[in-house]
Number of protein chains: 2
Amino acid sequence: MALRLGRLGAGPCWRALRGDYGQLRAWSPRGASARVSRLPGTAAPQPRRGLGHSPSAGGGSWLGTGLAAALAGFAGLAAAAFGHVQRAEMVPKSSGARSPSPGRREEDGDELARRCSAFMTSPVTDLRELRKRPEDIKTKMELMIMETQAQVCRALAQVDGVADFTVDRWERKEGGGGITCVLQDGRVFEKAGVSISVVHGNLSEEAASQMRGRGKVLKRKDGKLPFTAMGVSSVIHPKNPYAPTMHFNYRYFEVEEADGNTHWWFGGGCDLTPTYLNQEDAVHFHRTLKEACDQHGPDIYPKFKKWCDDYFYIVHRGERRGIGGIFFDDLNSPSKEEAFSFVKTCAEAVVPSYVPIVKKHCDDSFTPQDKLWQQLRRGRYVEFNLLYDRGTKFGLFTPGSRIESILMSLPLTARWEYMHSPPENSKEAEILEVLRHPKDWVH
Amino acid sequence: MALRLGRLGAGPCWRALRGDYGQLRAWSPRGASARVSRLPGTAAPQPRRGLGHSPSAGGGSWLGTGLAAALAGFAGLAAAAFGHVQRAEMVPKSSGARSPSPGRREEDGDELARRCSAFMTSPVTDLRELRKRPEDIKTKMELMIMETQAQVCRALAQVDGVADFTVDRWERKEGGGGITCVLQDGRVFEKAGVSISVVHGNLSEEAASQMRGRGKVLKRKDGKLPFTAMGVSSVIHPKNPYAPTMHFNYRYFEVEEADGNTHWWFGGGCDLTPTYLNQEDAVHFHRTLKEACDQHGPDIYPKFKKWCDDYFYIVHRGERRGIGGIFFDDLNSPSKEEAFSFVKTCAEAVVPSYVPIVKKHCDDSFTPQDKLWQQLRRGRYVEFNLLYDRGTKFGLFTPGSRIESILMSLPLTARWEYMHSPPENSKEAEILEVLRHPKDWVH
């Protein structure tokens, strides 16, 4: 089966690269998004070079892990209280360039407007502000997450063929806002959400003390710690039990200290949660992520693959949520530019790693029994997200969070049966075995 | 409508006491369960007398709150590992008296066997042990929770008319065990679970330190703190959206100190979660609980009603889980006997407070829209239980817990829709208003 997607608006084109699987690769007509920067230390494993994360990060942190979930919803309730929330169906593309400005440097104004015209709506940050700082990583990251959101939404809407994403823009009283795109109860998708957030303000004392616990001792500036956080976060639950659930998020965090020093780091990941095991899909998904990682160093994929298996662990069940993927946090080396380039490559791998799988299986025949097992697995997904996911919990417990954007990750429907236990040698037992004992899918 | 239930096995009889509502009251053929002890200080509000709980308890505690959920499952995984778990359909009544013994005092052997014959299966503690200490509050409590389990299961099975409870007996390696009764996917009930647990052993250092945090400084005996915990816990989810969900649990905890002192306390409560508001049902439910409380003092119901509204609060939604009932913890005065008598009265009020409501509505007609709203409310139930319920969380995070008994409380099915918001003046908005602003149902 070979897949070919037409050009989607002004976004990147997709072309099939591997025949057998119909694998998709992002390919930018401008060549920009296809550019990858190879990091130092990629020829051979050299742990002290290449991409790195601060050792204090250990198992991730609330400020990093799931930040897209947590910060995606930072402002909702406060915003709602002040009447700032807008809801809209598929904002016309022309609304992307809402504030043309003649003053610009490297990032040409028309070029920026052209990029924005492919987004689901205009960026959170005013275009005049983005034009002022074209080389700032915050500008690059915001444009990248907007682009990722548009790419993923358009690819999924095309697969669904019937339902489309609603675009829900919200603002945060204290600074920034977000754009939550949701497709619900479509032909192919039960619930698909792709949310971006760009928020800024001052870190609370509680947040700063949690950072101290992670080895980041920050000097306050007039008692304040200005921060910026942004990310894209997504969970896709298809209807067909043979089409797996996928989650990804990529995020950037920056804190400014009294002496002008800036602490910054990236985090993110992408993981697959099938109802039934399909070896070929698992290999395709992991291989696509590995190839993205390998462009930036040979030791990245194995490390971030293991981190993913460790993070998405439902302790009380002794199972992982799914068959993994990659996960990382506190990525702050070798440089902002190179770390950003890695995250960008990962974000570009989302559609080619997942969309061929969902296209392949969205019309598979299934029995009521298959659907029931899917619903039970959805229940485990809810258990992980509400009990263990640090981003979800941090978001929900932060006053003023946008609850709906955080809980967008929950499936439309889920089920819990007392003492359900699949028979030995069944296909339900087969996936459980893999969830209990993670495999290496790519050698 | 007047309800009349026939005699259920050797258990208590039920008779309609209030004509209009067909209210049921437990009435023991032996007169024993109808006996109530009026506590000191019930004639007028006298806060320092009557039932009391230790001031340190504040908003409850993991050791108390939800203990039935937490400890109901204390042993499961360990037990499963050692092959102790038994599953059985409705154990024959004769199995209740598994170890007749000639040695007895006040609690006559035949009388004990007769009581046990009405239970769902034999008690967790060996009958020889129970016969040795008939006056011990632990014996009385274990028999009371077994009786409550049987009463509730039989009343619900009779209402369902088709499905029956499976009886799942499990043992705990470290001491004790439990009996989990579940009726799933019946005619009337989507999922109904009634679980008892009786466990003993030594408190972990972590548990002891949590108790210190609550003002209970316990002196260890040879480095150990022997404890006994027991309780009955239940969540009933009917299928019909007009028949509300009900939860109750009643529990007892005892810790023995080095100097021979025993710390003891009771906890528990009973609360209703309707999908749609029915004023008459709400008043009936609260009035039945108030009448049970009033038998032990006039200030009990208002205090425990407020505690319930405070405890079942879904912070991130700004809603209560349901329309409340009663909730209490750390109840340790005026005496073990009197506190036990209060808890027993509350447990006896479960069937009359709830069963008439479910009988009244289980055949109500409903639309797919009503069912959808029920499923969304089920989602909120899951959010509360996984994010806030201390018993559930403590249970899940305790190694060796019996996960299935803890998560028995989750509904069979639940749903999450992005940005669902009922229209103004709808019946969905009506219940939300009450969940956001709890009402006094009984004046």
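In what follows, every chain begins at residue 1, and chains take the letters A, B, ... in the order their sequences are listed.
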Taken to the nearest 0.5 Å, the spacing of B:R415 CZ from A:L410 CG works out to 13.0 Å
Taking all non-hydrogen atoms of both residues, which atom of A:E404 and which atom of B:E417 are closest, and how far apart?
OE1-O, 3.8 Å
Quick one: does B:T413's side chain get under 4.5 Å of A:Q375's, heavy atoms only?
no
Is chain B contacted by the side chain of A:L387, its backbone, both, or neither, given a heavy-atom distance below 4.5 Å?
both
Scored by heavy-atom pairs under 4.5 Å with chain A, the best of B:L376, B:V315, B:L407 is B:L407
Would a distance-only check, ignoring hydrogens and angles, find a side-chain to backbone donor-acceptor pair under 3.5 Å from B:K191 to A:W416?
yes
Considering all heavy atoms, the nearest B:M408-A:Y418 contact:
CB-CD1, 4.4 Å
Between B:Q184 and chain A, with a heavy-atom cut-off of 4.5 Å, which part of the residue counts as in contact: side chain, backbone, both or neither?
side chain
Give, as side chain, backbone, both or neither, the part of A:R317 having an atom under 4.5 angstrom from any heavy atom of chain B.
side chain
Please report the C-alpha distance between B:V382 and A:L386 in whole Å, then the side-chain angles of each, then the deciding distance to 0.1 Å, and finally whether the side-chain contact (heavy atoms from CB on, under 4.5 Å) criterion is met.
CA-CA 9 Å; B:V382 171; A:L386 295 184; 4.2 Å; yes
How close do B:I403 and A:H316 get, counting heavy atoms only, and between which atoms?
CG1-O, 3.3 Å
Report the distance from atom CG of B:N385 to atom CD of A:E383, rounding to the nearest 0.5 Å.
11.5 Å
